[in-house]
Structures are given as structure tokens and as C-alpha cells.
Amino acid sequence: MNIRIEDYALISDLETAAMVGRNGSIDWLCLPRFDSPACLAALLGTADNGFWRVAPVAAPATCTRRAYRPDTLVLDTWWETAEGAVRVTDFMPPRAQLPCIIRVIEGLSGAVPVRSELRLRFHQGRVVPWVRVTDDRTVAVAGPDSVWLGADGPVRALGKDGSTVLDFTVTAGRRLALTLVWSPSHRPAPTASMSLSAESILKETDDFWRRWAGQCRYQGPWRDAVVRSLITLKALTFAPTGGIVAAPTTSLPGCIGGERNWDYRYCWLRDSTLTLSCLLRSGYRDEAAAWLAWLVRAIAGDPVDLQTVYGLGGQRLLPETEAPWLPGYEGSQPVRFGNSAVGQFQLDVYGEVLDALYLSLRASIPMPAHVWDLVGEMMGFLQRHWREPDQGLWQVRGPRRQFVHSKVMVWVAADRALRMGELVGRNGSSAEWRAMRDDVHRQVLRQGWDAEQRSFVQSYGSADLDASALLMPRLGFLPAGDPRVLCTVREMQRLDHGGFLWRYAPGGDGAHGVDGMHGHEGAFVACSLWYADALAATGQAEQAREAFERVLAVRNDVGLLSEQWDPDAGRQMGNAPQAFSHIALAETAFALSAPPSRSPRGRETSGRRWSGSPPAGRSAA
């Protein structure tokens, strides 16, 4: 029986992550990277698919309480039993060489029997490894992978039902540290990672996160929530490249028992501008620059090949496969690895990329001169193709449509290209781009507006609402005081579900007609936060605060949000923790704590020109 999604906490070493349940079990772990095959996959199946549980032998089903240490990603879990009390501290030190999980068990009172049970299943919870016990460690090997488990005290490993079991007793004031290290199976046994003092590594890890969190500029009333969201965003960063995964998990369902199960262990261009804005506002310039560098590398090439999603290093091939040997979270099938959205045509990503480049330029983040050539190529592509239907913001698997948000983002692309041209003194194409921007604006106002219901709609010719229309004032497409914006925000109450917003209205037959998928889904956390933003921008401060605090109230006990919230079942849904949800939380906190800005997205700062000189033989555009 799977535990609830909100029962999991996250630990990370900035290259991969583990999901730790309230029952003391790590049920999801991919090694050595976020996108590697899972070696603990009970999250999407059963105990036979891999887990590592550390808890008192006579413990209840879940811990007494747990919490991250303030301003860190170090997780403390307390257990109280009839024999006494213990605390388990779980963390992953930021990667130095090999990925490593450390679990420190400390006796608080009495003498408590504790059990560690590790059941490794490589290749997405499928392959049973060869396990052997050495002098002081246990090693599991299968194909390219080896995992080593050691303890810093006298513990004897036993084999039991395909698991490695360690039984020991901790008394008050005594500690025992368990260390799990991954290594390529062809390499010698890791020594450095397992010989260091767990206490010194814990202190270094604790200090790392406190120093990082201390850079946060936000000083408003929701600082704890903002810092937790920023730490989560940092934890989802793949440090070697600067890419940020949408979530560390795959196939956690939007509908229990349904087919809305996607792999989010990749980097979406759609998140680029919000991510940059969030990082820059919060004081994390280095991370923003690293994300921009990843973005520029990923999008290099022909704009016709621009994808919505890329791998951690910018790789383009992310073939989507299914894993029939995994029964899925609470029976939700299929379990998917990879994401076929790489092949979709989505116009809005061009606007997101150009908006991100403009934001970076205004924030004085240096960019190579050839990026301007890329801007020109993307604009040339949009001039030829912007009138075509696409699959939109929500990556629908139904037919292409003339999505209103996609056209708005085409307008954003042209607007930001013009603004960048003004900043860098390259305005040779400004007349064409301005004409395109005006054409798109007129078309959206004419065909995307439903005069009868007085709101913007999801696509041309449709009467359906879409929460993405709430972004219009933030994007600068229309001012917040425009009557059409005010009416649209008011009409969004029709998407309300228990105080939260659907991204679009569900179909009456149990299917979303627009996306080609069966089954209802939860309300989208990010959309509920966009609603709070829009309420604030239109002068409804009290309602905005209420909407924001409703979202804060559905975070789990350690402050994490998944992609969706199901108000009927009162539980989180979708992949978790979700970067987009936490980015939106931080952005909304800033919006509700500061006066509105008149600039697009409210992020005007001093700018600079492109680094370097124009390429030889080319005139300024």
C-alpha cells in the first residue's frame, strides 16, 4: 500500500534526490543522476521494487514528527516507542565525488531496537542485484551499478528475503551512522566517501544550506515558506550544468488509477522566465546565470527544432517508454520514463525563451554576442509560423488548436525582441517585428475574447476558460486595470474547485476533451497562485492574500508542494515536489509583499549590452 504523496520529504545532493516517507522508508532514488534508472522504486510499486527503511523495530506505522532543520535540507525524524525515543537524521551531502546518503540514528531516551532494511532493485525497480558482505560493508552489484552500505559502529548484516537487514540497539546519547554510496561497478570499492566522519559531513552539509539560504533577499511575512521553496528549487538543480528539473519523480498521477502519469525529471523551457525571475528577485544571481547558460546551450541550433523540454545537459532525445513491471502509484498506469513532449509543436516556448533573455539582459547577466543572432532566427521562424495551431502550454495530446496563451506568448516574443533591440542598439528588424506584434495583439483581442461571457477563452472559437489568461497583465499584454482583464479574473471563479483553480474546466464525461486524456485531475497549484497574483494586480488585496494562504495551508508537514491539490480527497497529486509550484509560491509572495510595477513582469533593473562584438561581416540587426 503506497503512502500519500504528501507523506514524502526530499533530500538532494544537487545531482539526484531521494524521497523519504514518514514511515522512515526511502521509496524513490535514482543513481547517479535525477534522470538515471531508479534503484529504489517502491514509490511506483511495492516493497519488491526497492526501498530502504530505517525505524525502530516496534515503531508505529509513521513517525511521531519530523522537520527540516531551519534553512537546510537536513531532515530530522523523531520516533517515540515504549522502549524509548530515537531521532533519525537523513541527508545527502552536496556532491564531491560519488552520490551518498547518510542516515544518523541517535538515541534520545531508553534503549531502542532499530532495524535498517535495504532492498535494492536496479533498472527501474526491476533487476535483483548480486549482494555480498565484505569485512565491514555490504555491496550490491548489477550491470553498471554498485551500491555500498556501511556503518560506523559494530553492526552485522544479514540477508533476508532479498534484503540486507541491520539490527542494532541505540541507547540515550549514542549514535550510529549508516552510509550508502553508489559507484560504477567497474571501479574499485569507494573508500573516501565512506571513511569520513558522518558528524563532520553533517556539519558541512548543514553549514552549506544555511549559508545558501542566508542569501535570500525576501523579508516579507512569508519568509519561512519562501526560503523553503527556494531551497527546494536549489535541491532540484543539476549542479554540473545549471539545469533545473521540474520534479525528481515520474508517474505520480494527476488522477488516482488513471493514465495522467508523466516523467518530470527533465528541464522545461516553459519554466525559464519564472525561474530566472524568482532566483534574481531572491538574490541568487549565480544560480540564475547558470540556468541562463543552460538555456542558451540547450536552444542552440535551428529554431525549427526548439523543444519544450530537454535533458539535464540539454540533450534532445528523451524517448518515452512504459514500465509494465511497475504497478504504479496506487495502481495508476502506465508508469512512464522519458517524455514524448519533446516532439510537440508549442509556440509559447519561443516567448518564454525571449522573455528570459530579455530579463537576463536587464539584470546585467552577460550573454555571448551570438545570442542576438539566435533572437533573429527565432523571430524569423515566428514570422513564418505564428498563425499555425499548436499543442499549447498544457502539452495536450489531443488535436492542435489556436490556443490563446500561445498567441499571447508570440506577442511576448516580439515585444521582448524589440526591447532587447533597443537596449543593444540593434533595431534593423524592428519595423517587421513591431508589425507582427501588433497583428498578434489585434488577433487575440478579436478572436480570443468571448463577448457573450466577457472573458478570454482557451482557444479561438471555444467558450472554455483557461487559467493561463491570468498571466496577461503579468506579461504586459494588457494592463491589470483593463476591463477585459477585470472581467476575465472575475470569470475565473468558474474554474474554482474547493478554493483552488483547475487549469481548465474538466469535461462532463470524465474526460478533458481538449487534451485527449481520460479522467479528472486535481487543481493546479501554480494556477491557484496565478489567481492570487491577478487578484492582487487588480486591487483585490484581501482576496489575493486569502487565495495565497489557502495554498500555503496545503503544503505538507515539511513545507513541500506537488503539482496538484485534490480538494475532494484533501491530498496532493502529481509529481512532487514540483519546481513550478514552488517558483510560483515565491513569486506570489514577492508580488503580495511589494508595490506593483508598470514594467512587463515587474522586473526592470539596470541593463547591459551583449558581451563581445557583433560577428564579422554582419550588420547590426
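When a residue number appears, it is its place in the shown sequence, counting from 1.
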Derivation and outcome, side chain to side chain donor-acceptor pair (under 3.5 Å), residues T81 and W79
CA-CA 7 Å; T81 72; W79 299 86; over 6 Å; no
Mind running salt bridge (Lys or Arg N to Asp or Glu O under 4.0 Å) on R95 and D13 for me, showing each step along the way?
CA-CA 5 Å; R95 185 85 58 91; D13 67 354; 2.6 Å; yes
If a pair satisfies salt bridge (charged side-chain N to carboxylate O under 4.0 Å, His left out) and one of its residues is in residues 28-39, list it, with sequence neighbours excluded.
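Matches after skipping sequence neighbours: R33-D35.
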Take S25 and D27 through the test side chain to side chain donor-acceptor pair (under 3.5 Å) and record every step on the way to the result.
CA-CA 6 Å; S25 182; D27 290 341; 2.5 Å; yes
So do [Y] and [X] actually touch side chain to side chain, heavy atoms under 4.5 Å?
X: L252; Y: L43; answer: yes
X: Y68; Y: L10; answer: yes
X: I244; Y: C267; answer: no
X: V114; Y: V57; answer: no
X: L44; Y: T250; answer: yes
X: I105; Y: L178; answer: yes
X: I26; Y: I101; answer: yes
X: V245; Y: L312; answer: yes

For side chain to side chain contact (heavy atoms under 4.5 Å, CB included), just list the numbers for L585 and L552, CA-CA rounded to whole Å, side-chain angles, deciding distance to a tenth of an Å, and then say yes or no.
CA-CA 8 Å; L585 186 153; L552 293 182; 3.7 Å; yes
Using modelled atom types and a 3.5 Å cut-off, is there a donor and acceptor pairing between side-chain atoms of [X] and backbone atoms of [Y]?
X: Q578; Y: E563; value: no
X: S562; Y: M573; value: yes
X: E80; Y: A59; value: no
X: R316; Y: D305; value: yes
X: D152; Y: A177; value: yes
X: D90; Y: D76; value: no
X: T138; Y: V133; value: no
X: W325; Y: Q124; value: yes

Would you give the length of the straight line joining atom [atom1] of [X] to atom [atom2] of [Y], rounded to the nearest 0.5 angstrom?
X: S229; Y: L560; atom1: OG; atom2: CG; answer: 8.5 Å
X: L326; Y: N261; atom1: CG; atom2: CG; answer: 11.5 Å
X: Q344; Y: T308; atom1: CD; atom2: OG1; answer: 7.5 Å
X: K234; Y: S282; atom1: NZ; atom2: OG; answer: 13.0 Å
X: L295; Y: M367; atom1: CG; atom2: CE; answer: 10.0 Å
X: Q572; Y: S581; atom1: CD; atom2: OG; answer: 8.5 Å

Ring-plane angle category for Y310 and W294, please: parallel below 30°, perpendicular beyond 60°, tilted otherwise.
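Perpendicular, since the angle between the ring planes exceeds 60°.
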Report the relative orientation of the aromatic rings in W212 and Y284; use parallel for angles under 30°, tilted for 30 to 60°, perpendicular for over 60°.
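Parallel.
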Between the side chains of [Y] and [X], is the shortest nitrogen-to-carboxylate-oxygen separation below 4.0 Å, so that they form an ion pair?
X: K203; Y: D207; value: yes
X: R174; Y: E106; value: no
X: E6; Y: R555; value: no
X: D557; Y: R66; value: yes
X: E117; Y: R53; value: no
X: R115; Y: D167; value: yes
X: R119; Y: D48; value: yes
X: D566; Y: R571; value: no
X: E287; Y: R285; value: no

Are a donor atom and an acceptor atom from the side chains of [X] and [Y] found within less than 3.5 Å of each other?
X: N575; Y: T249; result: yes
X: S272; Y: E352; result: no
X: D145; Y: S185; result: no

Considering all heavy atoms, the nearest [X]-[Y] contact:
X: G574; Y: I5; answer: O-CD1, 3.7 Å
X: T275; Y: D271; answer: OG1-O, 2.6 Å
X: A9; Y: V558; answer: CB-CG2, 3.9 Å
X: V86; Y: P56; answer: CG2-CG, 3.6 Å
X: L236; Y: A247; answer: CD1-CA, 4.5 Å
X: G125; Y: N49; answer: O-ND2, 3.1 Å

Cation-pi geometry met for R103 and W52 (6.0 Å, 45°)
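Relative to the ring axis of W52, which defines the angle, R103 lies inside both limits.
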Partner residues of Y218 under the ring pair (Phe, Tyr, Trp, His ring centres under 6.0 Å) criterion, sequence neighbours left out
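Testing Y218 for ring pair (Phe, Tyr, Trp, His ring centres under 6.0 Å), a comparison that skips the adjacent residues, returns F590.
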Start with the C-alpha distance between W394 and F524, add both sets of side-chain angles, then the distance that settles ring-ring contact (aromatic ring centres under 6.0 Å, His included), and finish with yes or no.
CA-CA 11 Å; W394 305 122; F524 263 57; 5.5 Å; yes
How far apart are the C-alpha atoms of R228 and D224, what are their side-chain angles, what is the distance that settles it, and do they pass the salt bridge (Lys or Arg N to Asp or Glu O under 4.0 Å) test?
CA-CA 6 Å; R228 179 52 52 199; D224 287 347; over 6 Å; no
